[in-house]
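One structure below.
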Amino acid sequence: MFTEQQVSPTSKSGQQINFSGEELLSKMAAIISKLKSSTASNPPSLESNPILQYFEVGQESSCAGPGLVWKVHDAYRKSDGKECSVFVFDKRLADKLYKPKRKDSILDRIKACVITLDNMRHPRMLQIIHSLEENNHTLAFASEWVFASLHNILAWHEATPPPPTTGSPVIPHQIILSPPTAQVIQTSAQQRPPYAREYHFLDIELRFGLLQIIEALNYLHYTARQIHRNICPQIIIVTKRGTWKLFGLEFVENINHDPLDMISVPPWSIKVAKICQPNLDYLAPEVQLSGHCNILSDMFSLGLIICALFNNGKSLLQTNNNPMLYLRQIEFLDQQVNEVLPDVPSGLQEAVQRLLSRDPHPRPTTQLLPLINFFKCQSEPAIQAMQFLDVITIKDFVQKGNYYRGPLLEALPFIPKKLRWQLIWPAILMEIKTPEVLASVLIPMMWITNEATPEEFEEFIMPALKSLEFQNLMNQTKTVPAVVTFMENLHIVMRKCSIEDINREILPLIYYAMDNSSSLVQISSLIAIQNTADLLSDKVLHYVILGKVKTLLERNQSDVKVISLILGIYEKVLTRLERNHILEAVIPTLLAMRLSDPDIITRVVKLYKSMLVEKKFGLTTNVMATKMIPSLAPQTVNPTLSIEQFSSLMEILYDMLENINKYQRGKLKSENVVAPSPERRALRHQTSTDNVNAPPFNIPNLRVEQRKTSSAEDMARKNSVTAPPPTTSATGSATGFKSTGIGQWFFGSSNSTNNDSNFLRVASVFPNRRLSDNTLMTPKIKIAPSCASSPGGTPGSTTGLPTRRHSSIGPQERRGSAVNLSPPTGGSMPNTSSSVPFLLTSSMQSIRSRRPSACLSGSQGSSILQQISSGMVRHLPAGSHCNVPHAQQPWGTLQGATSAGYSALRHTAMAVRKCPSLNITLTR
């Protein structure tokens, strides 16, 4: 252990000068600072270093490594222009600080560090892109593009006053070493170092960066089986992409057995130059106290780095390379940790307390630390997506494609814009040169384009898109999917482009895609037009796009997808078109489509309806009648249409027919031509048999007198005065039957002189009948020609007779006629009215079958009245007999009917029948 001692050097006069330990350390620090300033004022020359053959080296941007001995220069590779950084070590620094015999060992450590990193090539370690080059004065190697070391960034924060909203940073406990003349540690704000770099960390950047360092240590501890021993901000490199990489393997120790086993290491000593020792401000206490360390010693150093990140860049230990100050400050470390914890995120506080424990056993390992709540949060998917970018170079095409289409696209909304440009965009630029993954890379690229500002689009995105040369990519099979992806998202690019870029870059690309032979490219061009229709000028739309769309359909008349996309274009631009565009481009294109799909039919119908509604289009009836209706009419019998689709189709057809009707009728009227006005909705009624005009013809032996009607009240009054009371015998005579209403209907009234007695006595016989049914009307019956005097008929033939509807038949029932109505040869009768009684041989039988009961009951009286009041006359031929059994005869139930009367009724061969209500007499 370092102890304070007196050093007595000899002056030039030979007198001894006594110095305390603190004075000696101060003088050594002054000498080192002087040497550093001298070397800085004279930077090493790289003219003779072989690395200049491969790289163009610029100005120095930062410094890194133990003691900040590596100077980092911005550079780019001459072969491909890739931006990178060149690390330069000046050998003159080692020549002045160390004895010649130690110079080789120092250089060996530095060279071994670079060689080890180059061999590892782990994504969490600094990536070497050009191995070490050496000349007489310098050592140099090239790495990935570096922004600065974490030490440079924390130095800027440390020299910057904290904002008023945050408290003052925690500083190490003030300790005064003996003798009393020793200086007190300066705690005031220091002057900003020359290579301090301004950088403000986001919360997600801190999580992401710490996870990267933890993964690097995990690889070092359990895979490489090494202890780093110098974990400090000087060996953590922050790249231009915002990633944190581990560097500085000069002091690594190999692990022989268990990583938790202690191994012997030398403690920090003032007798050895600091660039040959780990950073004392981040050294674990067991190293300095007992000279032992294990993998948990690196975890203690990581805990101090975490505290410095949340303590305005200040470390909790500031020893000024003094081992004695280190020992004193370690005793107050727990107190300082408690003071800084309020500034540490809550999910990380417990881990920090355990990491900074003086006992190594409570410290979490690199396997446990990533599992704490601080790293398991809402930003975890974004962090995982960013971590994958570090290893994407070793993935195959399938894994890359899945990553760009899936995890990265889902994580982009949670990644801050600064990291999108620092981390995501460089990876995208690298992958767009690979044809196999170009289609997948364009998806997140379009997402970033949508979120970019106009300035960002002009500076970063547009140059990258121009470099792709999509017209050449359309002719390559591998890149056709990429062209499809770009065309489908072309509207995002056009919204960011200027008018000049649209006319010079975008429109020629659309035209070329529409003329391309690939169906995929053609479909993508239609999608692009549909999405960018609002951004296209009327001139381009009217004179270029419509014509190319029509030509494209002619080559794909049966392609449902192409037809659907073209309909989508017309739906969006219809209001911007004029009449000549509709007649010359739109309607011919619609007529050329094969209408088979129900959805396409519905969309075409909607377009036609929009054309009819828009007055500026002025569609003529000639176009409707000769083009539009013939194209739609066959689809009315399309079985795949739903009821709604069919209704919409019929409605547009009716609308067009109505327009034709109005126009043509007005035209004919203007020419003094009167045309009947057919009802559009009565087409089926016009073809009904009820409207068949039958010419009049003669019915033999039929005399029709003037029809008389009377109300139920008049008949009741007259019948009550003139009709004699019915007389019946015990057995029921035929005379009594004739005197009843039914008998008079068959045999005629006994009072032939009084015509009023011929009316039915409805009110007295059927009291329950409705008054509206007591008005007897002749049924409307039309007879088709069926005799020699009527054309188209043959006597005795029953064919050709139309179906007739009778008032006694239901509204949906039809009956056929089998009566021979041909007149006798040479007979002549005057023509009768078109409305005659319903003569049917089996009419009564059919009525019986529909009305099995003829009882004069209250419930069925109206049914029999309907039979009687229907005005039917039965013609009984000679010798005809009723074949219905006696039990089924409806006449047997009538009161006053005798067997003699019934027999006389059955065997009458020649009789005169009258229908008093109709005043019809039929004679045979």
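Nothing fancy with the numbering, it's 1 onward along the sequence.
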Are Leu309 and Leu210 close enough that some pair of their side-chain heavy atoms sits under 4.5 Å apart?
-> yes

Contacts satisfying side chain to side chain donor-acceptor pair (under 3.5 Å) that involve residues 524-543 (not counting sequence neighbours) are Asp538-Arg576

Can you tell me how far CH2 of Trp421 sits from CD1 of Ile448, rounded to the nearest 0.5 angstrom?
-> 6.0 Å

Give a yes or no on whether the backbone of Thr239 and the side-chain of Thr243 come within a donor-acceptor separation of less than 3.5 Å.
-> no

Would you say Gln127's side chain and His122's backbone share a donor-acceptor pair under 3.5 angstrom?
-> yes

Please assess Phe87 against Phe89 for the test ring-ring contact (aromatic ring centres under 6.0 Å, His included), listing each intermediate value before the final yes or no.
-> CA-CA 7 Å; Phe87 284 65; Phe89 173 75; over 10 Å; no

Stepwise side chain to side chain contact (heavy atoms under 4.5 Å, CB included) test for Met593 and Thr589 | CA-CA 7 Å; Met593 295 178 180; Thr589 305; 4.3 Å; yes

With a distance cut-off below 6.0 Å to the six-membered ring centre and an angular limit of 45° from the axis, does Arg124 pair with Tyr219 as a cation-pi contact?
-> no

Salt bridge present between Lys240 and Glu83 (N-O < 4.0 angstrom) | no

Side chain to side chain, Val391 and Lys395, heavy atoms closer than 4.5 Å = yes

Write out all pairs satisfying side chain to side chain donor-acceptor pair (under 3.5 Å) with one or both partners inside residues 479-488, taking only residues at least two apart or from two chains.
-> none

More than 12 foreign heavy atoms under 6.0 Å from NZ of Lys548: is that the case here?
-> yes

Would Glu133 and Gln53 count as a side chain to side chain donor-acceptor pair (under 3.5 Å) if you check the C-alpha gap in whole Å, the side-chain angles of each, and the deciding distance to 0.1 Å?
-> CA-CA 11 Å; Glu133 298 286 352; Gln53 301 176 9; over 6 Å; no

Side chain to side chain donor-acceptor pair (under 3.5 Å) pairs, two or more places apart, involving residues 410-419 = Glu205-Lys418

Test side chain to side chain donor-acceptor pair (under 3.5 Å) applied to Asn152 and Ser149, step by step = CA-CA 5 Å; Asn152 301 140; Ser149 66; 2.9 Å; yes

Lys561 NZ to Ile566 CD1 distance, which is reported to the nearest 0.5 Å = 13.5 Å

Can you name the nearest heavy-atom pair linking Tyr195 to Ser62, along with the distance?
-> CB-CA, 4.4 Å

When rounded to the nearest 0.5 Å, the distance separating CE of Met445 from CG of Leu429 is 6.5 Å

